[in-house]
2 protein chains.
Amino acid sequence: MGQGEAEVTPPVFDDGTELFFMARGPYRPVDPQCAVRDVLDRIGDKWSTLVMRTLATGPHRFSAVQRAIPDISKRMLTQTLRDLERDGLISRTVFPTKPPSVEYRLTPLGVTILEPLAVLVQWANRSHDAIKRARLAFDEAG
Amino acid sequence: MGQGEAEVTPPVFDDGTELFFMARGPYRPVDPQCAVRDVLDRIGDKWSTLVMRTLATGPHRFSAVQRAIPDISKRMLTQTLRDLERDGLISRTVFPTKPPSVEYRLTPLGVTILEPLAVLVQWANRSHDAIKRARLAFDEAG
DNA sequence: TGCGCAAGGTAACTAAATGAGACTCTAAGC
DNA sequence: GCTTAGAGTCTCATTTAGTTACCTTGCGCA
């Protein structure tokens with residue numbers, strides 16, 4: 001038994017369907033261009049999920065989104081909405097009203113991400129206490 | 001019908017279980033301290049999911065993780081591992097070998113996040129083409 | 001003896017992302 | 001005329017992420 005990583009245990013999950021998203025075996029480098037990264041970089045940013053969550057309740061105008069997420073700045077909101085629009089997850093419609101108003105809503109593709117996000121959020125809610133306890137323990141142990 | 005957000009459509013999802021993670025109705029501000037944010041801030045960072053994915057294949061030493069994710073720097077790897085350890089998702093064990101080696105592995109709590117992540121990754125794989133097409137269209141439309 | 005390597009970091013510094021807030025434009029309301 | 005609203009943009013300051021060099025300990029090696 002060397003010191004290498006060769007004797008690493010097999011993947012934790014292997015239920016026959018798609019083996020989740022793990023590399024099989026050690027040393028398999030993560031492709032920087034892979035779909036996983038591409039997606040996680042998007043939904044992983046600070047605001048995207050919050051915006052999607054807001055639009056999940058129905059179409060909103062720019063300022064309505066901002067009221068729903070009070071601590072987002074206009075700059076970041078604009079940018080997040082643009083990025084989501086570019087990725088086809090939300091659509092942007094301008095109405096030529098007195099002061100022009102703009103409506104954002106989920107596209108069909110955007111709707112499909114809600115369920116994966118929901119699964120994650122359920123995990124978050126289930127695990128939040130355990131995480132908080134772990135943090136406390138870690139911080140006390142110094 | 002005013003100009004307010006009152007006539008917003010009802011939530012897209014309402015299957016009787018937990019209504020995913022959406023606020024019901026408009027104007028409900030997102031609590032900056034909520035579990036959703038707390039979790040998404042963690043798994044949302046650039047490297048955490050990649051590290052979890054790597055450890056999902058079995059315990060790894062520091063440098064083995066780094067080889068699996070070639071474009072992470074030592075500093076970022078150290079920091080990501082610390083954060084995950086603090087949150088109780090991974091454990092760190094030091095072996096007093098010649099040059100001391102350190103083994104990281106998922107905790108039972110850490111294992112439980114794999115499935116939610118997997119759901120997300122499956123979505124990513126399914127949707128990647130559509131997203132790429134949307135980006136092209138958006139960029140061409142200028 | 002003294003070189004260099006490996007492992008697992010840390011410290012100092014730079015680059016990129018984010019946030020705060022002032023400014024724009026238009027038409028209506030007081 | 002002065003102010004307000006909507007939907008942004010622009011500039012600048014702060015925060016966060018990333019890069020590079022360096023440290024420590026013991027071993028093999030020449």
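By convention in this document, chain letters (A, B, ...) are assigned in the order of the sequence lines, proteins followed by strands, and residues within each chain are numbered from 1. All heavy atoms count here, side chains included; hydrogens, waters and symmetry mates do not. Fair warning: this is a prediction, and the values are worked out from it, not measured in the lab.
- The side chain of S63(B) places an N or O atom within less than 4.0 Å of a non-bridging phosphate oxygen (OP1 or OP2) of dG8(C).
- Distance, L50(B) CG to dA17(D) P: 15 Å, rounded to whole Å.
- When distances run from any side-chain atom of W47(B) to the nucleotides dG9(C), dA7(C), dG18(D), the shortest one goes to dG18(D).
- The side chain of R75(A) approaches dG19(C) more closely than any other nucleotide in the set dG18(D), dG9(C), dG19(C).
- Residue contacts shown for Y104(A) are limited to sugar-phosphate atoms, with no base heavy atom under 4.0 Å away.
- Residue E103(A) comes nearest to F95(A) through the heavy atom pair CB-CE1, 3.7 Å, listed as atom of the first residue, atom of the second, then distance.
- Side-chain contact check for I43(A) versus I113(A): some heavy-atom pair is nearer than 4.5 Å.
- Atom CG in L114(B) sits 5.5 Å away from atom CE in M52(B) (nearest 0.5 Å).
- For the pair L77(A) and I69(A), the minimum side-chain heavy-atom distance is 4.5 Å or more.
- Judged by closest nucleotide on DNA chain C, E103(B) is the one of K46(A) and E103(B) placed further toward the 5' end.
- Atom CG in D71(A) sits about 11 Å away from atom C1' in dG19(C), given to the nearest Å.
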Using distance only, find each side-chain donor-acceptor pair of residues 83-94 of chain B under 3.5 Å and give its atom names and separation, not counting sequence neighbours.
residue : atom : partner : partner atom : Å
R86(B)  : NH1  : D139(A) : OD1          : 2.9
R86(B)  : NH1  : D139(A) : OD2          : 2.5
D87(B)  : OD1  : R135(A) : NE           : 2.6
D87(B)  : OD1  : R135(A) : NH2          : 3.4
D87(B)  : OD2  : R135(A) : NH2          : 3.2
D87(B)  : OD2  : R42(B)  : NE           : 2.6
R92(B)  : NE   : Y104(B) : OH           : 3.2

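- The minimum heavy-atom distance between H60(A) and L55(A), with the atom names listed, is CB-CD2, 3.7 Å.
- For R126(B), the side-chain hydrogen bond (donor to acceptor under 3.5 Å, both in side chains) criterion is met by no residue, not counting sequence neighbours.
- Nearest nucleotide to the S101(A) side chain, out of dG6(D), dT10(C), dC10(D): dG6(D).
- When the side chains of ILVMFWY residues are joined at heavy-atom separations under 4.5 Å, either directly or via intervening members, V51(A) and F138(B) end up in two distinct hydrophobic clusters.
- Residue F95(A) contributes atom CZ, which lies 14 Å from atom C1' of dG6(D) at whole-angstrom precision.
- Rounded to 10°, the angle separating the first-five-pair axis and the last-five-pair axis of the helix from dT1(C)-dA30(D) to dC30(C)-dG1(D) equals 30°.
- In this entry the distance linking CD1 of I69(A) with C1' of dG19(C) reads 15 Å, nearest Å.
- Interface remark: the K74(A) side chain does not form any donor-acceptor pair with the dG21(C) base, using a distance-only criterion of under 3.5 Å.
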- For side chain to side chain contact (heavy atoms under 4.5 Å, CB included), just list the numbers for W123(A) and L117(B), CA-CA rounded to whole Å, side-chain angles, deciding distance to a tenth of an Å, and then say yes or no. CA-CA 10 Å; W123(A) 181 88; L117(B) 285 183; over 6 Å; no
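- Looking at heavy atoms from C-beta onward, L120(A) lies in side-chain contact with L120(B) at the 4.5 angstrom threshold.
- When the side chain to side chain contact (heavy atoms under 4.5 Å, CB included) test is applied to A130(B), the partners found at least two apart in sequence or on another chain are L109(A), R133(B).
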Distances for protein N/O vs nucleotides 25-30 of chain C N/O pairs under 3.5 angstrom?
none

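- Within a heavy-atom distance below 4.0 Å of DNA chain C, the residues of residues 76-85 of chain B found are T78(B), R82(B).
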